[in-house]
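Below is one structure, written out as structure tokens; comments come after it.
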Amino acid sequence: MSSLGEMLLGYDELPEDLKIYVPNFDHVLYDVSTYTDEDIKGKAQTRIFLTLLRDIFTKDGDKLEESILRSIHYLNELEDRQTGTEYLETIMRYVFSAGKSLTKRNINKMIRQIETTYPEGSEMTMTLAEMWMEEGREEGMKIGMAKGMAKGKAAALSETAIQLLIEKFGKVPQDMKDGIMNSDTATLKLVLFNIFRYESVEDVRKYIQ
């Protein structure tokens, strides 16, 4: 246990009439990452919260899938199915926003399990899963477009560099052309920046090798 004041640099040196305006309270920090399933006890909501908090950032999608399904199983302990469905929606929204290790295979398996474990929430889960997959496709398209644009820019720069070298020296060796074509944008800009300083076409090799 420690206090917030201990974490604030210079808190102890503050005048007493200023300290009263600085929040200073004791807090207890628990590391739930070390908890086993047997360690997590209490009401269903508490066990769900601690289980997901423990596993949500794992890099193992299968382990996270098991944790989510275990949490959903706990929902069956709630007598009010409407409350359970609302809680399931909260769970799935949190999972889809923070559970980066999940794959489509994990999601499809979860949906099939929910259809039998907690059928009231299966339609809602499918809707959220479809939104999650669509967001993933859009993000993938954006990344692909950015890579395509970068590749297109590099191709244009490499063609320009080769053409200028041909005009200056009359001939460019094929292996040098290949090296220029395979260079990244930063290297190509450097080649072009120094185009008027080359005394020989061989001077270019120091940039592309």
Side-chain angles (χ1 to χ4, degrees), residues 1-2 4 7 25-155 182-186:
M1 178 181 294
S2 60
L4 182 62
M7 302 172 62
F25 47 82
D26 293 336
H27 68 276
V28 179
L29 179 64
Y30 290 101
D31 182 7
V32 297
S33 65
T34 62
Y35 286 18
T36 65
D37 293 332
E38 291 72 25
D39 292 330
I40 299 176
K41 297 179 173 60
K43 293 183 178 180
Q45 294 95 323
T46 301
R47 279 179 284 154
I48 291 170
F49 172 73
L50 291 177
T51 299
L52 291 178
L53 192 64
R54 180 192 63 186
D55 298 330
I56 193 64
F57 294 118
T58 179
K59 294 182 180 180
D60 187 337
D62 292 340
K63 181 179 179 181
L64 179 56
E65 174 196 313
E66 292 176 4
S67 178
I68 294 166
L69 292 176
R70 184 181 301 108
S71 297
I72 293 171
H73 180 74
Y74 292 153
L75 289 175
N76 286 306
E77 299 176 19
L78 300 177
E79 294 183 3
D80 188 341
R81 304 298 282 186
Q82 179 63 33
T83 299
T85 302
E86 293 172 356
Y87 207 76
L88 175 60
E89 181 175 356
T90 301
I91 291 172
M92 299 314 298
R93 287 187 181 278
Y94 174 57
V95 165
F96 287 137
S97 64
K100 304 301 182 183
S101 62
L102 290 174
T103 65
K104 290 182 180 180
R105 180 181 61 81
N106 295 134
I107 299 299
N108 290 331
K109 185 176 178 181
M110 285 165 47
I111 290 174
R112 290 194 298 270
Q113 288 289 329
I114 291 172
E115 286 176 347
T116 57
T117 304
Y118 212 86
E120 296 92 335
S122 61
E123 184 175 348
M124 174 273 299
T125 302
M126 289 180 63
T127 300
L128 292 177
E130 289 172 358
M131 292 171 60
W132 175 79
M133 292 181 183
E134 183 60 31
E135 289 175 359
R137 282 193 289 268
E138 291 180 357
E139 186 63 25
M141 289 177 62
K142 290 179 182 178
I143 294 173
M145 289 174 63
K147 289 182 177 179
M149 291 174 65
K151 185 176 181 180
K153 185 177 181 179
N182 292 323
S183 296
D184 57 29
T185 302

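Position 1 is the first residue of the sequence, and the numbers go up from there.
- Remark: K41 NZ to D39 CG distance equals 6.0 Å, nearest 0.5 Å.
- In this structure a side-chain-to-backbone donor-acceptor pair under 3.5 Å is present from S101 to T58.
- With values rounded to the nearest 0.5 angstrom, R81 atom CZ is found 4.0 Å from E120 atom CD.
- Of all heavy-atom pairs between N76 and T117, the closest is OD1-O, 3.3 Å.
- Proximity of I91 to L75: side-chain heavy atoms (C-beta onward) are separated by under 4.5 Å at one or more points.
- What you find for A154 and S183 is that their closest heavy atoms are CB-O, 4.5 Å.
- The minimum heavy-atom distance between A44 and L78, with the atom names listed, is CB-CD2, 4.1 Å.
- Heavy-atom contacts from other residues, nucleotides or ligands closer than 6.0 Å to CZ of F49 number 12 or fewer.
- Not one N or O on the side chain of R47 forms a donor-acceptor pair closer than 3.5 Å with the backbone of Y74.
- To the nearest 0.5 Å, atoms OH (Y94) and CG (L53) are separated by 5.5 Å.
- Looking at L88 and T125, their side chains come closer than 4.5 Å, going by heavy atoms from C-beta outward.
- Using a 4.5 Å heavy-atom cutoff, the side chains of M92 and I72 are in contact.
- Put simply, the side chain of E65 reaches to within 4.5 Å of the side chain of L69, judged on heavy atoms.
- Remark: T34 engages D31 in a side chain to side chain contact (heavy atoms under 4.5 Å, CB included) (not counting sequence neighbours).
- Under the side chain to side chain contact (heavy atoms under 4.5 Å, CB included) criterion, Q82 pairs with D80, E86, sequence neighbours left out.
- No more than 12 heavy atoms of other residues, nucleotides or ligands lie within 6.0 Å of CD in E123, so this atom counts as exposed by the packing criterion.
- Separating the OG atom in S33 from the CZ atom in F57 is a distance of 12.5 Å, to the nearest 0.5 Å.
- Ion pairing of R105 with D62 is present here, as a side-chain N (NZ or NE/NH1/NH2) and a carboxylate O approach within less than 4.0 Å.
- Here the CE-CG distance, from M110 to L64, works out to 7.5 Å after rounding to the nearest 0.5 Å.
- Remark: side-chain polar atoms of S67 are not paired, donor with acceptor, to backbone N or O of K63 under 3.5 angstrom.
- When side chains are defined from C-beta on, T51 does not count as touching Y35, because their heavy atoms never get closer than 4.5 Å.
- Closest non-hydrogen pair, A129 versus I107, comes out as CB-CG2, 3.6 Å.
- Annotation: side chain of M126 is not in contact with side chain of I114 (no heavy-atom distance under 4.5 Å).
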